[in-house]
Amino acid sequence: MKIRVIVTLKPGVLDPQGKAIHHALEGLGFTGVNDVRQGKSIELDVASTTSDADIDAMCQKLLANTVIENYRIER
């Protein structure tokens with residue numbers, strides 16, 4: 001079974017990579033971009049018997065820093 005975990009910074013957490021991307025877009029002449037928040041997408045191929053609780057535990061223990069990041073799981 002394919003699982004995708006989308007990890008994003010919580011609101012209010014500084015995002016230097018997002019700022020750098022925003023600045024680069026402006027430098028390339030792209031206008032109309034108000035803000036950029038950078039995150040990550042992690043794809044897992046897990047056994048169909050892997051429980052939701054196990055997937056959630058993977059996220060909390062390794063895949064996301066829950067102090068500064070939110071995550072969502074897509075099946």
Side-chain angles (χ1 to χ4, degrees):
M1 176 173 34
K2 299 281 186 182
I3 302 292
R4 179 175 291 136
V5 178
I6 308 298
V7 181
T8 57
L9 288 171
K10 290 183 177 182
V13 175
L14 294 178
D15 184 359
Q17 285 182 299
K19 294 292 182 202
I21 293 167
H22 185 251
H23 181 70
L25 289 171
E26 287 178 335
L28 291 170
F30 294 101
T31 60
V33 179
N34 296 324
D35 193 23
V36 177
R37 300 287 287 175
Q38 187 267 338
K40 59 188 170 187
S41 172
I42 303 166
E43 293 184 6
L44 304 171
D45 187 352
V46 299
S48 59
T49 56
T50 306
S51 70
D52 290 344
D54 283 344
I55 295 168
D56 193 59
M58 291 177 203
C59 293
Q60 291 197 24
K61 291 181 179 180
L62 178 67
L63 302 178
N65 177 351
T66 56
V67 173
I68 62 168
E69 295 174 323
N70 291 320
Y71 65 89
R72 73 176 186 275
I73 299 166
E74 298 176 350
R75 296 191 175 277

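Taking the side chain as every heavy atom from C-beta outward, His22 and Val33 approach each other to under 4.5 Å. A 4.5 Å side-chain heavy-atom check between Glu74 and Arg72 finds at least one atom pair inside the cut-off.
Taking every heavy atom of both residues into account, Arg37 and Gly12 meet most closely at NH2-N, 4.5 Å. For the pair Leu14 and Leu9, the tightest heavy-atom approach, listed with the atom from each and the gap, is O-CD1, 3.8 Å. Heavy atoms only, all atoms of each residue included: Pro11 and Asn70 are closest at CD-ND2, 4.0 Å.
Shown here is Lys40, whose NZ atom has more than 12 heavy atoms of other residues, nucleotides or ligands within 6.0 Å.
Proximity of a side-chain donor or acceptor of Asp15 to a complementary backbone N or O of Gln38 within less than 3.5 Å is detected.
Put simply, Val7 and Val46 are part of the same group of oily side chains (I, L, V, M, F, W, Y) that touch within less than 4.5 Å, one to the next. Grouping the Ile, Leu, Val, Met, Phe, Trp and Tyr side chains by contacts below 4.5 angstrom, directly or via other members, places Leu44 with Met1.
In this structure, OG1 in Thr31 is found 10.0 Å from CG in Asn34, a value given to the nearest 0.5 Å.
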Identify each donor-acceptor pair in which a side-chain atom of residues 56-65 lies under 3.5 Å from a protein atom, sequence neighbours left out, and give them as a table.
residue : atom : partner : partner atom : Å
Asp56   : OD1  : Tyr71   : OH           : 2.4
Asp56   : OD2  : Gln60   : NE2          : 3.0
Gln60   : NE2  : Tyr71   : OH           : 3.3
Asn65   : OD1  : Val67   : N            : 3.1

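The salt bridge (Lys or Arg N to Asp or Glu O under 4.0 Å) test applied to Lys10 returns no partner, not counting sequence neighbours. Under the rule for a side-chain hydrogen bond (donor to acceptor under 3.5 Å, both in side chains), Glu26 has no partner lying at least two apart in sequence or in another chain.
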